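Worksheet: the structure to be examined is printed underneath.
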Amino acid sequence: MRRVVLLGLAVVVGVLAVSAVAFADRGHGKGDSKSFSARLNGWEEDPSQVTTGKGSFRAKVVSATRIDFKLTYQDLEGPAFMAHIHIGSRHESGGISAWLCGGTTQPACAPGPDGTVEGSIEAADITGPAGQGVEPGNFVDLLRAMRKGETYTNVHTTPRAPGGEIRGQNRPNHHGDDH
């Protein structure tokens, strides 16, 4: 009987040890991710868009005050005229935080159904949204929202989808933290 109890106790301790390691590993890097990515499509828009368009977004924190990014889109059903990062959860609309192209702080979007935009986001490029707790110029708060997975990237087209044709939730990359 005592042998069975000891065996049971050993199994419980082993399961707890494995769980503790898995739990600790799951959170590794979550709060300090340096790279992010998103796959963009119409199904992620709010409301969803039936479109052939798709794209990708990659970003990397290169200093305490700068994020470099690359946005690629293809097969859009209208020419791209603006793209930006919003504060918001999946399938939830939120305010604009930083322009990627087409705004006052970034160059025009590559016109047409296909394009690539590369650039940087610095504090001066952060527009808010103040109503969601991000003051203009607050680089730290945008980065905090990105690390929590609470930002998305979208591309707007005209006249097809001025409210957004493709969108994707920005996710922190934890394995190797590169893009």
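Treat the numbers as computed from the prediction; the structure is a model and nothing was measured. Here, residue 1 is the first one in the sequence, and each next residue gets the next number.
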So do [Y] and [X] actually touch side chain to side chain, heavy atoms under 4.5 Å?
X      : Y      : result
Ser48  : His91  : yes
Arg58  : Ser37  : yes
Thr158 : His156 : no
Ser93  : His86  : no
Glu92  : Asp46  : no
Glu135 : Asp141 : no
Asp114 : Asp75  : yes

Which heavy atom in [X] sits nearest to a heavy atom in [Y], and how many Å separate them?
X      : Y      : value
Ala83  : Cys109 : N-SG, 3.9 Å
Ile67  : Ala59  : CG2-CB, 3.7 Å
Ala80  : Ala110 : CB-O, 4.1 Å
Ile166 : Glu45  : O-OE2, 2.9 Å
Pro172 : Met146 : CG-O, 3.8 Å

Starting at [atom1] of [X], measure out to [atom2] of [Y] and round the result to the nearest 0.5 Å.
X      : Y      : atom1 : atom2 : answer
Leu142 : Ile87  : CG    : CD1   : 5.5 Å
Thr104 : Trp99  : OG1   : CH2   : 7.5 Å
Arg66  : Asp68  : CZ    : CG    : 4.0 Å
Tyr152 : His84  : OH    : NE2   : 7.0 Å
Gln169 : Thr151 : CD    : OG1   : 6.5 Å
Phe36  : Arg171 : CZ    : CZ    : 12.0 Å

(request) For the pair Leu100 and Ile85, evaluate side-chain contact (heavy atoms from CB on, under 4.5 Å) and give the outcome as yes or no after the intermediate values. (result) CA-CA 7 Å; Leu100 302 174; Ile85 296 173; 4.2 Å; yes
(request) Check whether more than 12 heavy atoms from other residues, nucleotides or ligands sit under 6.0 Å from atom CZ of Arg160, and answer yes or no. (result) yes
(message) Taking CZ in Arg144 as the centre, count heavy atoms belonging to other residues, nucleotides or ligands within less than 6.0 Å. Is the count above 12?
(response)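 No, because the 6.0 Å sphere around CZ of Arg144 holds 12 heavy atoms or fewer from other groups.
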ILVMFWY cluster, [X] and [Y] together (side-chain gap under 4.5 Å):
X      : Y      : value
Met82  : Leu40  : no
Ile121 : Val61  : yes
Val134 : Phe139 : yes
Leu143 : Leu71  : yes
Ile126 : Val117 : yes

(message) We want to know whether Ser35 and Asn173 form a side-chain donor-acceptor pair, criterion being a heavy-atom distance below 3.5 angstrom.
(response)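 Checked: Ser35/Asn173 side chains pair up, N/O donor to acceptor below 3.5 Å.
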(request) Report yes or no: does Thr157 contribute a side-chain atom to a donor-acceptor pair with the main-chain N or O of Pro79 at less than 3.5 Å? (result) no
(request) Could you give me the CA-CA distance, side-chain angles and deciding distance for Glu165 and Val155, then say whether side-chain contact (heavy atoms from CB on, under 4.5 Å) is met? (result) CA-CA 6 Å; Glu165 184 173 334; Val155 178; 6.0 Å; no
(request) Could you check Gln49, Arg167, Arg39 and say which one makes a side chain to side chain contact (heavy atoms under 4.5 Å, CB included) with Glu44? (result) Arg167
(message) Applying ring pair (Phe, Tyr, Trp, His ring centres under 6.0 Å) as the test, list every pair that has at least one member in residues 39-67; sequence neighbours left out.
(response) none
